[in-house]
Amino acid sequence: MKHKHLFSFGVLVVSLILLVACSKKDRGPRLIVHVQEVDGTPAAGASVHAWPGPDAGQPGSVINDELMDQTTSTDAAGEATFDFKFSAVLDVDVVYYKNYLDSLLNPVVDTLYGHKVVKIEEVRQKSSENNYRETVEVK
């Protein structure tokens, strides 16, 4: 009789572990911003700022939270990655300092800007990815 209860208890514990391990989890959104010039050239080293926008805190908008206001630089492929905890509508502002030589071989620095509004959402799913890919063109 004792073995029967012990076996039943073991089956119950294993079932609970499997149920918890296989359940869906909340996945915070990851925003991957690809920054490129008009001709499609990746903008390496551009500064990318993702934030809730100027209307944050107004009724019906996202509260301005430090977790939702992030800045980073693009890598060699022109990509910047942000991890957020919540759903939001974000302004993505880009500043890129393009260095090149003019016709007389003098160094020139042009400042190029880009802007886009994106929507990201927290989801409940089994997979570990919740990625949003956006492209911002600097001009």
Side-chain angles (χ1 to χ4, degrees):
M1 191 71 162
K2 206 177 203 185
H3 294 289
K4 187 175 182 182
H5 291 295
L6 187 58
F7 178 75
S8 297
F9 179 74
V11 169
L12 179 64
V13 169
V14 169
S15 297
L16 286 174
I17 290 172
L18 288 175
L19 180 66
V20 170
C22 295
S23 66
K24 295 180 180 181
K25 296 175 179 65
D26 289 338
R27 304 290 181 196
R30 171 175 280 178
L31 176 61
I32 302 166
V33 178
H34 178 75
V35 180
Q36 65 184 28
E37 295 181 47
V38 176
D39 64 359
T41 306
S47 175
V48 183
H49 182 202
W51 58 298
D55 295 328
Q58 300 299 320
S61 66
V62 176
I63 296 173
N64 195 358
D65 188 329
E66 61 191 33
L67 298 174
M68 302 305 288
D69 188 342
Q70 299 181 26
T71 303
T72 191
S73 296
T74 57
D75 59 14
E79 291 192 347
T81 303
F82 301 94
D83 288 312
F84 296 99
K85 290 190 174 227
F86 311 109
S87 301
V89 175
L90 301 169
D91 283 7
V92 178
D93 295 317
V94 180
V95 178
Y96 175 56
Y97 300 103
K98 180 179 180 178
N99 298 303
Y100 62 95
L101 299 176
D102 65 7
S103 60
L104 300 175
L105 300 179
N106 294 319
V108 177
V109 177
D110 280 342
T111 305
L112 306 176
Y113 299 95
H115 175 79
K116 190 168 195 175
V117 177
V118 299
K119 180 179 179 181
I120 58 174
E121 295 186 65
E122 176 184 27
V123 296
R124 189 163 187 82
Q125 61 188 17
K126 284 186 180 182
S127 71
S128 61
E129 293 186 7
N130 182 20
N131 297 336
Y132 292 84
R133 295 186 172 276
E134 297 289 340
T135 300
V136 177
E137 198 171 87
V138 291
K139 301 175 188 175

Point-to-point distance, once rounded to the nearest 0.5 Å, from CG of Leu31 to OG1 of Thr72: 11.5 Å
Residues in salt bridge (charged side-chain N to carboxylate O under 4.0 Å, His left out) contact with Asp75, at least two apart in sequence or another chain: none
Nearest-0.5 Å distance, CD of residue Glu79 to OG1 of residue Thr135: 8.5 Å
Same apolar cluster: Leu67 and Ile32, side chain cutoff 4.5 Å: no
Counterpart residues, salt bridge (charged side-chain N to carboxylate O under 4.0 Å, His left out), relative to Lys85 (two or more places apart): none
Minimum heavy-atom distance between Ala76 and Pro42, given as atom pair plus value: O-CB, 4.3 Å
Verdict with reasoning, Glu121 to Tyr132, per side-chain contact (heavy atoms from CB on, under 4.5 Å): CA-CA 9 Å; Glu121 295 186 65; Tyr132 292 84; 3.4 Å; yes
For the student: nearest non-hydrogen atoms of Gly114 and Val138, plus distance: N-CG1, 3.9 Å
Check: Ser47 main-chain N/O paired with Tyr97 side-chain donor or acceptor under 3.5 Å: no
For the student: nearest non-hydrogen atoms of Ala46 and Val35, plus distance: CB-CG1, 4.3 Å
Any donor-acceptor pair under 3.5 Å from Lys139 side chain to Val38 backbone: no
Shortest non-hydrogen contact between Thr74 and Gly45, atoms and distance: OG1-N, 2.9 Å
Which pairs would a plain distance check flag for residues 88-96, meaning a side-chain donor or acceptor within less than 3.5 Å of a matching protein atom at least two apart in sequence or in another chain?
unit_1, atom_1, unit_2, atom_2, d
Asp93, OD1, His115, ND1, 2.5
Asp93, OD2, Trp51, NE1, 2.7

By side chain to side chain donor-acceptor pair (under 3.5 Å) - contacts of Asn99 (at least two apart): none
Donor-acceptor contacts under 3.5 Å from residues 104-112 side chains, at least two apart:
unit_1, atom_1, unit_2, atom_2, d
Asp110, OD2, Tyr100, OH, 2.8

Pairs flagged by salt bridge (Lys or Arg N to Asp or Glu O under 4.0 Å) wherever residues 29-47 is involved - sequence neighbours left out: Arg30-Asp83, Glu37-Lys98
Val48-Tyr113 co-clustered via ILVMFWY side chain contacts under 4.5 Å: no
